[in-house]
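Shown next, in structure tokens, is the structure this report addresses.
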Amino acid sequence: MASNVCVLGAGRMGSSIARTLLDRGYPTWVWNRTVAKCDSLAALGAKVAPSVEDGIRAADVVIINVLDYAASDALLKRVGIASALAGKAVVQLTSGSPRLARDEARWVEAHGAGYLDGAIMATPDFIGKPETALLYSGSRDVYKKHKPLLFALGGGTSYVGELPGQASALDTALLTQMWGGLFGALQGMAVAEAEGLDLATFRNHLSGFKPVVDAALFDLVDRTNARRFTGDDATLASLGAHYSAFQHLLEACEERGLDAAMPRAMDMIFRQALSLERMEDDFASLAPLFR
Ligand code: NAD
């Protein structure tokens, strides 16, 4: 029989989660600070919980999706709520840091409930699709027991590890890689336009260059994982070769008066490594400087 679910928070994401669960036949309770936001879900068959405590008591699985952990704490860490949690599975889908996940796991488990921390790698319109990825860490038992429900929210769901902070850490790590690319594109567009290129040309050439960039990225991760920092026959480009090409970015910024805050920060990292006379080393040899 399908588990009874309570979704705390019916914002954009919480509503999409509740809609998907209702669509898959899960008996679903919803609660939101502004009750009117539950109307459209009630019309789809959701039961509106009169209070957080009522919602939790009615459910086997409690999914939390509010703005942040401060809002989540305000809901959960109250007299009456803690005792209602015993024996439940709590799935925290509010975005947070690894530390917040660790603290939450301790608190939830101390009140007799199982805890899974989740990171949603998608926007609300993707919830319930086969390709949608949600990352979970924390109780393996909760993950195993409620796998069908968790996979209903996204077919690309995966369990990252037992340490509660691991899903959040992976989320941050993946976003960090994305921000590197997006900030790089901002700098690249400035360089291109300063020399009279239009951004359509820049865009067209991004796709042609992408396989090379992807190969370098995976090679960097594999080499770092194996701690193969010394340059060898498989090295794609030595630190010295990278640094030589990097000078052209510094020169373009200087000559065209472009903002160079980010290239200067990158230059400092290059120089730290090169001061150790590592010109021939692989680009992956920069990895220890980040630890
Ligand atoms: P939203 O603004 O649409 O909804 C926020 C929800 O939090 C509302 O239900 C609101 O009533 C509730 N809330 C805010 N403060 C509260 C408080 N003090 N007490 C009780 N309830 C409170 O935001 P959203 O887009 O639905 O995002 C919800 C969570 O999901 C966030 O942690 C967000 O980072 C995460 N998330 C969102 C997306 C996305 O694309 N929207 C993607 C991944 C993760």
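Remember, it's 1-based here, ligands and their atoms both numbered in the order they're listed.
Side chains of S139 and K144 form no contact here, defined as non-hydrogen atoms less than 4.5 Å apart. At least one side-chain heavy atom of L93 sits under 4.5 Å from a side-chain heavy atom of Y136. Here the side chains of V48 and L41 are not in contact, with every heavy-atom distance at 4.5 Å or above.
Counting atoms of ligand 1 from 1 in the listed order, those under 4.0 Å from a heavy atom of S95 are 32 (O), 33 (C), 34 (O), 35 (C), 36 (N), 44 (C). Against a heavy-atom cut-off of under 4.0 Å, T123 is close to the following atoms of ligand 1: 40 (O). Atoms of ligand 1 found under 4.0 Å from any heavy atom of P124, numbered from 1 in the order shown, are 39 (C), 40 (O), 41 (N). Heavy-atom contacts of T94 reach the following atoms of ligand 1: 32 (O) (cutoff under 4.0 Å). Taking every heavy atom of L75 and a limit of under 4.0 angstrom, the matching atoms of ligand 1 come to 20 (C). Ligand 1 places these atoms under 4.0 Å from at least one heavy atom of I120: 43 (C). Applying the 4.0 Å criterion to heavy atoms of A10 picks out, from ligand 1, the atoms 9 (O).
Of the protein's heavy atoms, R12 NH1, 3.7 Å lies nearest to atom 2 (O) of ligand 1. Counting only heavy atoms of the protein, atom 26 (O) of ligand 1 lies nearest to M13 N, 2.8 Å. Looking at atom 19 (N) of ligand 1, its nearest protein heavy atom turns out to be R33 CD, 3.9 Å. Atom 4 (O) of ligand 1 has G11 CA, 3.4 Å as its closest protein atom, hydrogens excluded (heavy atom only).
Below 30°, between 30° and 60°, or above 60°: for F246 and F270 the angle between ring planes is between 30° and 60°, a tilted geometry.
Atom CZ of R256 is surrounded by more than 12 heavy atoms from other residues, nucleotides or ligands within 6.0 Å. Applying the 6.0 Å contact sphere to CD of E131 captures more than 12 heavy atoms from other residues, nucleotides or ligands. In the displayed structure, M279 atom CE is contacted under 6.0 Å by at most 12 heavy atoms of other residues, nucleotides or ligands.
In the model, T123 has a side-chain atom that pairs as donor or acceptor with a side-chain atom of D125 under 3.5 Å.
Put simply, part of N65 is less than 4.0 Å from ligand 1, judged by heavy atoms.
Nearest-heavy-atom check against atom 8 (C) of ligand 1 across N32, L67, V66 picks out N32.
When non-hydrogen atoms are compared, ligand 1 lies under 4.0 Å from the backbone of A122 (N, CA, C, O) but not from its side chain.
Tracing side-chain contacts under 4.5 Å through hydrophobic residues (I, L, V, M, F, W, Y), one reaches M189 starting from L206; they form part of the same cluster.
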